[in-house]
Amino acid sequence: MSELTNLQPAEVFYYFDQICSIPHGSGNTKAISDYCVNFAKEHGLRYIQDASENVIIFKDGTPGYEASAPVIIQGHLDMVCEKEKGCTLDMETEGIQPYVDGDMVRAHGTTLGGDDGIAVAYALAVLASDSIAHPPIEAVLTTGEETGLLGASALDVSELKGRLMLNIDNELEGNFLIGCAGGIRIDCSTPVHHMVDMAVRYQVTISGLSGGHSGMEIVKWGANSNILAGRLLYALDNQTEFWISDIKGGLKDNAIPIETNLTLYVTKADCEAFEETIRTVEAELQHEYAVTDPDLNISFKREAEEISRMLDTKSTGIITFLLMNYPNGVQRMSRNIPGLVETSLNLGILYLTDNKLHCSFSIRSSVSSAKEALIDKLVFLTEFTGGTCSFSGDYPAWEYKEDSPLRDLVTAVYKDMYQKDAQVEAIHAGVECGIFSEKMPGLDCVSYGPDLFDIHTSRERMSISSVKRVWEFTLEVLKRLK
């Protein structure tokens, strides 16, 4: 029996448990998409499933609500798949394993997928109910959100009649989002060349970082293991002659990388200086990031002296140059909204193939010209070293609306239910409301959700009591939209 069986609201946690049992990482959403289609069939509901595996499910309004304006309940089907070191779960083929820890639901060794499985669970629970009062419902469940809002970008919205959208993709109860940054993914590839020589092989690992979502948590100013690799390489370059054989860090462009692994070669005569430099850099970085990344460490293992294939001196230097000069993190704070990041980027993926260095960035900005300027900087640096860049997942900012009846309604409901004011704000992370607002003129949308913590990491957890309160809040909103 699942540990979620006895949780309340039972109908919501039933569907969340079902979702957890189905692998649904970004790019692996066919099974979860088909599950939603089968749900619609079983409940006699009209549905659309498109080539991108997006699903729309339609349900008529309940008695007394038949003529009400349709309401869109929207969330995404895909999740970020991250694991603890040593976790053997295959997230491509196996469902995650949720468990209860006090007021929290967690997953054994992996991300939980509360972002955004809880939205899907809420939507299915509403659609399945015979007792909830609501207007006509259009449940829009998208794919590829975590890799650039790809499903929302591809979705044909012509069948959607609703112009009121409840986007349930926020991680702070009582916080209502009414605007967000636009973004883009950039993949930079730079050619490298090899040589063969005799040297001592070292395995070096930068690890123990806090990581997190590159939109919501970039403002914490934490360390990025790929960028720290550049710091280390530059320090080594000043003390020894060395060569790179391999480098790899990060799994998702929108997740701040927590570990980077390097295979380096150094002459036998320089081993002592090489190891001492690593210890020095580790101590410096531990001091700098003591608050944000208290478990940061750099480990190394000396292996064989051998004749081996490695990058030549010029290519090693180019990689060091790029990782030292590629911008990363917060670039500028908003001049209009205190505490809001305006422009940032994250070097989320770094790896070496036989003939190229690959770097993948997630760029975000609420100012289009600042976003373009940051793109230009990456392109210039990459092309200057002989590389090329490609672009994907470009999505617009969601601009604040002065007149929003839906915002007025949800904040009034929150005040009535909890006797306190809701927090209304724009955020730096991208949400699908921007895509839908651009495609659907006149759309009025608000994004909210229950308390989720450390999303996109294996420490992710979701508050059970918050899920219940947000469910009750959602039902009240639907009731008042008569």
Side-chain angles (χ1 to χ4, degrees), residues 25-28 81 83 85 90 92 147-148 185-207 224-234 236-237 240-253 255 257-268 270 274 278 298-326 328 346-362 378-393:
S26 299
N28 185 34
C81 293
K83 301 194 296 184
K85 197 168 185 177
D90 184 351
E92 286 289 312
T147 51
R185 171 173 167 151
I186 301 185
D187 295 291
C188 304
S189 300
T190 304
V192 294
H193 303 282
H194 291 81
M195 68 177 192
V196 175
D197 206 343
M198 171 73 79
V200 178
R201 183 177 68 245
Y202 278 87
Q203 302 295 341
V204 181
T205 300
I206 301 169
S207 62
N224 176 313
S225 61
N226 292 334
I227 295 299
L228 296 190
R231 287 272 299 270
L232 177 62
L233 293 175
Y234 182 75
L236 290 170
D237 187 57
T240 66
E241 186 174 13
F242 73 96
W243 304 272
I244 297 171
S245 175
D246 194 21
I247 184 169
K248 184 176 183 180
L251 298 173
K252 308 288 181 181
D253 66 290
I258 61 174
E259 181 172 309
T260 300
N261 296 283
L262 306 97
T263 303
L264 305 177
Y265 281 88
V266 63
T267 62
K268 191 173 184 179
D270 283 337
F274 178 87
I278 292 176
I298 305 178
S299 62
F300 61 86
K301 180 181 179 182
R302 181 175 176 174
E303 298 184 335
E305 183 180 21
E306 60 187 8
I307 297 175
S308 186
R309 188 169 182 262
M310 62 198 76
L311 297 189
D312 62 20
T313 299
K314 181 178 179 181
S315 294
T316 294
I318 286 173
I319 291 176
T320 302
F321 170 82
L322 288 174
L323 295 182
M324 271 295 288
N325 286 281
Y326 272 142
N328 186 80
N346 176 59
L347 174 50
I349 305 173
L350 171 68
Y351 65 97
L352 195 62
T353 57
D354 188 59
N355 59 357
K356 286 184 180 179
L357 174 74
H358 300 269
C359 299
S360 297
F361 295 85
S362 174
L378 289 180
V379 171
F380 186 36
L381 279 167
T382 303
E383 292 184 347
F384 185 77
T385 55
T388 58
C389 297
S390 61
F391 312 91
S392 62

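The structure presented is a predicted model; accordingly, all values stated were derived computationally and were not measured. Numbers here simply count residues along the sequence, with the first being 1. As a basis for the values below, the full set of heavy atoms in this structure was taken, side chains included, without hydrogen atoms, waters or symmetry mates.
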* Listed partners of K268 passing side chain to side chain contact (heavy atoms under 4.5 Å, CB included), at least two apart -> V200, R302, E305
Between [atom1] on residue [X] and [atom2] on residue [Y], distance to nearest 0.5 Å:
X: I227; Y: L347; atom1: CD1; atom2: CG; value: 5.0 Å
X: L264; Y: T316; atom1: CG; atom2: OG1; value: 8.5 Å
X: L236; Y: F274; atom1: CG; atom2: CZ; value: 5.0 Å
X: S189; Y: H358; atom1: OG; atom2: NE2; value: 4.5 Å
X: T205; Y: N261; atom1: OG1; atom2: CG; value: 4.0 Å
X: I186; Y: S362; atom1: CD1; atom2: OG; value: 9.5 Å

Side chains of [X] and [Y] in contact at under 4.5 Å (non-hydrogen atoms):
X: Y265; Y: E306; result: yes
X: M310; Y: D197; result: yes
X: I206; Y: N226; result: no
X: V192; Y: D312; result: no
X: E241; Y: T313; result: yes
X: L232; Y: V204; result: yes
X: I318; Y: L357; result: no
X: I349; Y: L251; result: no

Return yes if a side-chain donor-acceptor contact under 3.5 Å exists between [X] and [Y], otherwise no.
X: Y202; Y: T263; answer: no
X: N346; Y: D253; answer: no
X: H193; Y: S315; answer: no
X: S225; Y: T260; answer: yes

* Using salt bridge (Lys or Arg N to Asp or Glu O under 4.0 Å) as the criterion, list what pairs up with D187, not counting sequence neighbours. => R185
For [X] versus [Y], what's the shortest heavy-atom pair and its separation?
X: H194; Y: L311; result: NE2-CD2, 3.3 Å
X: L352; Y: S245; result: CD2-O, 3.6 Å
X: D237; Y: F242; result: N-CE2, 3.5 Å

* So does R309 pair up with D354, basic N to acidic O under 4.0 Å? -> yes
[X], [atom1] atom: more than 12 neighbouring heavy atoms under 6.0 Å:
X: K83; atom1: NZ; value: yes
X: Y234; atom1: OH; value: no
X: F321; atom1: CZ; value: yes

Donor-acceptor list for residues 381-391 side chains, cut-off 3.5 Å, not counting sequence neighbours:
unit_1, atom_1, unit_2, atom_2, d
T382, OG1, Y326, OH, 2.7
T382, OG1, L378, O, 2.8
T385, OG1, L381, O, 3.3
T385, OG1, T382, O, 2.9

